[in-house]
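In what follows, a single structure is set out as structure tokens and then discussed.
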Protein chains: 2
Amino acid sequence: MSKSYIRHFNANAIFHRIRIEPNVSQRDIVARTGIDKSVVSSIINQFSELGLVERNPVATSNKPGRPMEGLTISPESGLIVGVQIEADTIGYVAAALDGIPLCSRAQAFDGKLDGVADLVARGVKDIVSECGRTGDTLGVGISLPGLLTDEGVLLHAPVLGWRGVPVVDMFSAALDAPVFAGNDGKAAAMAEYMFGECIDIKDFIYLFSGSGVGGALFLDGDIYRGASGLAGELGHIKVVPQGRYCSCGGSGCLSPYLSEPGLAEEIGRLTGNRPSSFKDIMERAGANDEVVVGVLDNAGAVLGSAISSLVNIFNPPLVCLGGDMASAEPYLRPAVERAMQRLAHPSMSVQTKVIFSQLSTVSPFLGGVALALDGVTGLDSPHVLP
Amino acid sequence: MSKSYIRHFNANAIFHRIRIEPNVSQRDIVARTGIDKSVVSSIINQFSELGLVERNPVATSNKPGRPMEGLTISPESGLIVGVQIEADTIGYVAAALDGIPLCSRAQAFDGKLDGVADLVARGVKDIVSECGRTGDTLGVGISLPGLLTDEGVLLHAPVLGWRGVPVVDMFSAALDAPVFAGNDGKAAAMAEYMFGECIDIKDFIYLFSGSGVGGALFLDGDIYRGASGLAGELGHIKVVPQGRYCSCGGSGCLSPYLSEPGLAEEIGRLTGNRPSSFKDIMERAGANDEVVVGVLDNAGAVLGSAISSLVNIFNPPLVCLGGDMASAEPYLRPAVERAMQRLAHPSMSVQTKVIFSQLSTVSPFLGGVALALDGVTGLDSPHVLP
DNA sequence: GATATTTTTCTTGTTATGAGAATAATTGAT
DNA sequence: ATCAATTATTCTCATAACAAGAAAAATATC
């Protein structure tokens with residue numbers, strides 16, 4: 001383990017502390033992280049010189065003594081761009097260093113690998129000029145629906161049909177800013193940890209649904225990747241023995257019961273009228289379509305069973321459900337809770353909160369921002385934090 | 001993160017390297033761990049001065065150049081004692097620093113908290129004098145059937161009926177050597193990593209059965225403890241909806257299907273002749289008692305279902321089954337494999353090896369040794385593995 | 001204005017890593 | 001036998017990071 005690892009680790013912890021608690025003082029950072037005051041002072045000075053962190057005067061506290069300096073992440077100091085590549089769209093969001101989105105948009109995408117780097121480079125340039133900021137683009141994070149190696153090679157993205165694509169190198173060549181790439185589920189979990197419902201929770205399980213079901217295990221303050229990177233692909237937990245077929249080739253996975261295509265398929269089978277989108281499903285559920293409500297209730301039961309397994313294994317303080325699930329909370333939650341009541345270990349589940357997060361609905365594409373931000377303030381970027 | 005953390009981390013990594021590859025050279029340690037040669041040299045010197053590591057001349061290699069020094073863990077430098085406290089017995093093993101057991105024995109135990117510290121102190125003294133070594137006792141590791149806090153307090157051990165016992169302080173007061181305490185399942189997993197079938201495997205799932213079923217998640221080279229320490233209590237994964245009642249108060253847990261009491265109970269119910277021990281069960285299975293074989297096959301199916309869940313969540317390279325399960329491998333394995341075939345994700349389970357480990361049968365009580373060894377080589381590491 | 005208090009920075013010391021030179025120990029060629 | 005080549009380990013010195021305590025800065029209260 002190298003020496004600079006400590007500096008980066010501490011710098012990251014301090015930056016995170018400021019993000020989750022704006023206007024915190026150095027003294028409080030010391031109290032909360034246990035890092036020595038000299039070290040905090042020195043790292044804050046560095047951040048301050050780089051323009052990443054601002055010192056704000058704080059309203060008088062009526063206490064004697066030198067008043068604290070409120071520390072905040074400078075919103076003006078630079079831009080982070082998040083890119084999310086999906087089967088049929090590419091989403092862009094430009095955000096300040098504190099993760100607050102400035103503007104976002106999506107463009108149609110034919111899924112072709114050829115020319116995608118230039119397409120994304122133009123998209124990034126457009127979103128940066130659109131948001132009207134002059135600061136540097138400090139990093140671009142690219143969230144991809146597939147598994148990546150440590151070297152930044154996308155091994156396989158089923159919905160795109162891509163295989164063995166060296167995405168980091170490819171996008172780095174086309175873009176001027178440092179590129180960080182990652183799996184979409186893991187990136188979304190990171191976003192929840194940085195900006196969302198799981199802020200500062202060191203251990204949680206994240207699940208999201210959309211065109212598929214993904215997820216991540218957030219353990220000891222970091223995403224667990226496992227020996228082969230497949231760990232945490234929670235869309236393929238088996239929940240129904242000999243159940244529905246899944247795009248992965250197996251059967252009984254969580255994904256075909258909870259993903260938008262899976263739900264639409266089932267509703268279409270039962271009513272002869274297949275919904276065209278998740279919004280469509282929600283509208284029919286809102287109009288009290290019994291079949292749709294029933295399908296969602298069943299999805300909730302299956303989801304609850306998957307969560308129960310996870311609770312019994314990890315005993316996590318938090319399970320966070322994002323993506324389409326968040327909008328469907330009213331239809332899913334009762335079944336989820338019924339299933340957990342029945343299946344989860346009582347003395348464990350009592351310690352677990354299950355929440356539905358709106359983050360990915362309200363501010364989509366933040367996964368990429370989280371990836372880039374983690375990279376920019378994190379361990380693998382000695383050029384940013386000297 | 002403190003500075004000395006790096007030194008401890010590196011020291012531990014180097015010691016582990018020497019343990020798993022005796023007669024390794026400094027040069028190879030550098031190559032395998034990435035630690036700088038100066039650092040390796042300095043840490044080896046420290047170990048050498050402490051007498052923990054020996055430098056051995058190595059047979060000539062017919063190559064030019066200064067010959068390497070073979071490094072081994074000194075077997076003479078000190079003793080480690082492992083203690084395993086169970087419902088009705090206390091087991092002791094004395095081992096050299098390399099983890100090789102010198103002698104072991106077990107004594108009957110009434111489970112009473114009162115006077116147990118003195119009892120264990122005598123037991124440790126006896127096993128040390130019995131093994132005939134003069135070296136210092138460098139550490140005593142105590143493996144307990146319950147959950148511990150970071151401060152070394154045993155929160156609750158159902159089979160002993162103990163609650164809120166400050167075990168580290170209690171045993172430290174009675175013993176002369178440094179005391180390390182930990183959960184039995186996690187300690188056993190650590191032993192598999194240090195001396196057993198999982199040696200140097202950075203990610204594996206460990207399960208063992210005996211009077212109960214325990215386990216551990218070994219992730220990224222360390223036991224995962226989770227937010228509350230309950231993570232990895234794999235005996236309480238739910239495997240059968242509305243299934244058998246478990247000592248934990250719930251129902252459908254893995255434990256009542258796989259533990260010795262659970263198996264004995266079921267066999268007794270079906271035959272009217274309850275086996276008195278696991279050995280008894282094995283003998284009847286060996287004599288082709290169809291009921292017993294059937295009960296074991298069912299246990300294997302349930303176990304296979306639990307393993308399938310774990311495989312789909314972690315995609316681990318290895319799942320290790322220890323304790324009574326190891327002896328029952330012939331009766332369990334077919335059902336485990338059938339269940340996994342049916343339930344586990346094919347592209348994941350193909351990467352997972354399921355093995356039965358004899359370690360805890362052949363050399364019992366090594367869990368405590370692993371606890372102590374981990375503590376002794378990580379200089380001022382905490383004395384608890386919750 | 002003096003004093004107490006609180007927050008942050010500076011000074012100084014210690015320890016660790018890391019790059020490269022130096023040393024040590026051997027083989028093989030001359 | 002001696003020397004060159006080779007390989008393994010140790011030493012030297014520079015740099016980086018943390019850590020403890022003194023000092024400085026900024027404010028409230030008396």
Side-chain angles (χ1 to χ4, degrees), chain A residues 1-15 17-18 21 23-49 53-72 379 381-386, chain B residues 1-15 17-18 21 23-49 53-72 378-380:
Chain A
M1 184 180 285
S2 77
K3 200 169 38 174
S4 56
Y5 179 89
I6 295 187
R7 185 69 165 191
H8 290 145
F9 184 94
N10 285 340
N12 219 15
I14 290 172
F15 200 86
R17 213 57 238 175
I18 298 174
E21 192 181 339
N23 271 313
V24 69
S25 70
Q26 289 191 32
R27 192 169 178 277
D28 287 342
I29 292 175
V30 169
R32 302 222 212 305
T33 63
I35 302 172
D36 190 89
K37 58 190 174 338
S38 310
V39 178
V40 172
S41 176
S42 139
I43 288 175
I44 294 293
N45 274 333
Q46 245 177 318
F47 277 141
S48 176
E49 273 164 37
V53 161
E54 283 177 358
R55 302 161 192 264
N56 312 106
V58 159
T60 63
S61 59
N62 272 359
K63 279 191 304 182
R66 173 174 175 172
M68 59 174 246
E69 288 171 351
L71 300 167
T72 53
L379 310 178
S381 52
H383 56 285
V384 175
L385 267 186
Chain B
M1 184 180 287
S2 77
K3 204 170 33 176
S4 55
Y5 178 88
I6 296 188
R7 188 69 166 188
H8 290 147
F9 184 94
N10 286 338
N12 239 333
I14 290 172
F15 200 85
R17 216 53 239 178
I18 299 173
E21 192 179 340
N23 270 314
V24 68
S25 70
Q26 288 191 32
R27 192 169 178 278
D28 286 341
I29 293 174
V30 169
R32 303 220 212 304
T33 62
I35 302 173
D36 190 89
K37 58 190 173 342
S38 311
V39 177
V40 172
S41 176
S42 137
I43 288 175
I44 293 292
N45 275 331
Q46 237 175 303
F47 277 142
S48 178
E49 273 163 38
V53 162
E54 282 177 359
R55 305 160 190 263
N56 311 105
V58 159
T60 62
S61 61
N62 272 0
K63 280 192 305 185
R66 173 175 174 170
M68 60 174 243
E69 290 171 352
L71 300 168
T72 52
L379 300 162
D380 64 341

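Chain naming here is simple, since letters A, B, ... match the order of the sequence lines and numbering starts at 1 in each. Excluded from the calculations below are hydrogen atoms, water molecules and symmetry mates; all remaining heavy atoms, backbone and side chain alike, are included.
One atom, CG of N23(B), and another, P of dA8(D), lie 15 Å apart when rounded to the nearest Å. We find that CD1 of I6(B) is positioned 9 Å from P of dC18(D), with the value rounded to whole Å. To the nearest angstrom, C1' of dT8(C) lies 10 Å from NZ of K37(A). Between R7(A) atom CZ and dT15(D) atom P the separation is 17 Å, expressed in whole Å. Taking atom CG on N45(B) and atom C1' on dA16(C), their separation rounds to 15 Å, with Å as the unit. As a whole-Å value, the separation of M68(A) CE from dT8(C) C1' is 12 Å.
S41(A) has a side-chain polar atom (N or O) that falls below the 4.0 Å cut-off from OP1 or OP2 of dT9(C). Using a 4.0 Å cut-off, no side-chain N or O of N10(B) falls inside it from OP1 or OP2 of dA16(C). Contact check, R27(B) against dT6(D): no side-chain N or O comes under 4.0 Å of OP1 or OP2.
A donor N or O paired with an acceptor N or O is not found under 3.5 Å between the base of dC18(D) and the side-chain atoms of S42(A).
In this structure, of dG21(D), dA26(D), dT10(D), it is dA26(D) that holds the atom nearest to the side chain of P67(A). Considering only the side chain of R66(B), dA24(C) comes nearest among dA24(C), dT8(C), dA16(C).
Partners of R27(B) under the salt bridge (Lys or Arg N to Asp or Glu O under 4.0 Å) rule, at least two apart in sequence or in another chain, do not exist in this structure.
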